[in-house]
Amino acid sequence: MKWIDKDTNLLLQRSFLFGATGIVICLIPLFNNYFQFLNIPMGPINGIGILLQFFGLSIAVMVLRKRKVEEELKDKAKKMILVLAVALIFFFMVI
């Protein structure tokens with residue numbers, strides 16, 4: 001079964017999970033930069049977090065582009081896109 005054929009509520013839940021996980025993973029190097037918990041390179045961790053955020057963003061865009069989707073779900077997808085886009089801009093500016 002393809003992703004586009006799945007239920008839109010399930011897709012939005014997955015978008016939220018991938019996006020929130022990506023944001024949390026990107027916060028780890030940011031906190032480590034200030035508090036120096038670990039002395040390891042944080043670049044790969046940032047990359048994984050940004051990748052997860054982009055994946056969540058792409059799922060939300062896919063839901064928005066689907067046909068015959070309720071307005072409520074389209075509004076949720078728009079909010080998810082806005083939140084993830086702002087988070088990505090923030091983490092790109094911080095890196």
Side-chain angles (χ1 to χ4, degrees):
M1 185 176 217
K2 297 179 184 178
W3 279 68
I4 194 76
D5 298 332
K6 295 200 183 280
D7 181 37
T8 52
N9 282 326
L10 179 67
L11 289 173
L12 285 175
Q13 287 176 351
R14 289 183 181 175
S15 173
F16 175 77
L17 287 175
F18 282 118
T21 305
I23 289 171
V24 169
I25 289 175
C26 279
L27 285 174
I28 292 170
L30 191 62
F31 285 132
N32 188 47
N33 191 22
Y34 290 111
F35 300 117
Q36 295 296 323
F37 293 125
L38 301 170
N39 193 14
I40 59 173
M42 291 289 158
I45 296 173
N46 266 334
I48 292 169
I50 288 175
L51 176 76
L52 287 172
Q53 288 179 49
F54 270 122
F55 194 62
L57 184 68
S58 67
I59 294 172
V61 169
M62 184 177 64
V63 168
L64 192 62
R65 293 182 52 98
K66 280 181 79 171
R67 294 182 182 155
K68 299 178 183 174
V69 177
E70 300 171 13
E71 279 300 315
E72 179 183 332
L73 295 176
K74 281 189 177 185
D75 289 339
K76 286 182 182 180
K78 287 177 188 177
K79 290 176 187 175
M80 183 66 62
I81 291 169
L82 179 67
V83 167
L84 289 175
V86 169
L88 279 169
I89 290 171
F90 172 75
F91 286 117
F92 279 136
M93 291 176 65
V94 169
I95 292 177

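- The list of ring-ring contact (aromatic ring centres under 6.0 Å, His included) pairs with a residue in residues 55-95, not counting sequence neighbours, reads Trp3-Phe55, Phe18-Phe55.
- With rounding to the nearest 0.5 Å, the separation of CD1 in Ile23 from CG in Leu52 is 10.5 Å.
- Pro29 and Asn46 make their closest contact through CG-OD1, 3.5 Å (heavy atoms, listed as atom of the first residue, atom of the second, distance).
- The shortest distance between side-chain heavy atoms of Ile45 and Asn32 does not fall below 4.5 Å.
- Under the 4.5 Å side-chain heavy-atom criterion for ILVMFWY residues, no single connected hydrophobic cluster contains both Ile28 and Ile50.
- For the pair Met62 and Leu64, the minimum side-chain heavy-atom distance is 4.5 Å or more.
- When hydrophobic clusters are built by joining Ile, Leu, Val, Met, Phe, Trp and Tyr residues whose side-chain heavy atoms come closer than 4.5 Å, directly or via intermediates, Phe31 is grouped together with Ile25.
- Atom CG in Leu12 sits 12.5 Å away from atom NZ in Lys74 (nearest 0.5 Å).
- In this structure, the separation between CD1 on Ile95 and CG on Leu30 is 9.5 Å, given to the nearest 0.5 Å.
- Nearest approach of Leu84 to Gly19, heavy atoms of both residues: CD2-CA, 3.5 Å.
- The same ILVMFWY cluster, assembled from side-chain heavy atoms under 4.5 Å apart, contains both Tyr34 and Phe37.
- When all heavy atoms are compared, the tightest approach of Ser15 to Ala60 is OG-CB, 3.6 Å.
- Note: the hydrophobic cluster containing Val83 does not contain Leu73 (ILVMFWY, side chain heavy atoms under 4.5 Å, direct or indirect links).
- Under a hydrophobic-cluster definition in which Ile, Leu, Val, Met, Phe, Trp and Tyr are linked whenever side-chain heavy atoms come within less than 4.5 Å, directly or via other members, Leu57 and Val94 are assigned to the same cluster.
- To the nearest 0.5 Å, the span separating NZ on Lys66 from NZ on Lys6 amounts to 10.5 Å.
- In this structure, CE on Met80 lies 10.0 Å from CD1 on Ile59, to the nearest 0.5 angstrom.
- Note: Asn33 CG to Leu27 CG = 12.5 Å, rounded to the nearest 0.5 Å.
- Under the 3.5 Å distance criterion, the side-chain polar atoms of Thr21 are matched with a main-chain donor or acceptor of Leu17.
- Within 6.0 Å of atom CD in Gln36, more than 12 heavy atoms from other residues, nucleotides or ligands are found, so the atom counts as buried in its surroundings.
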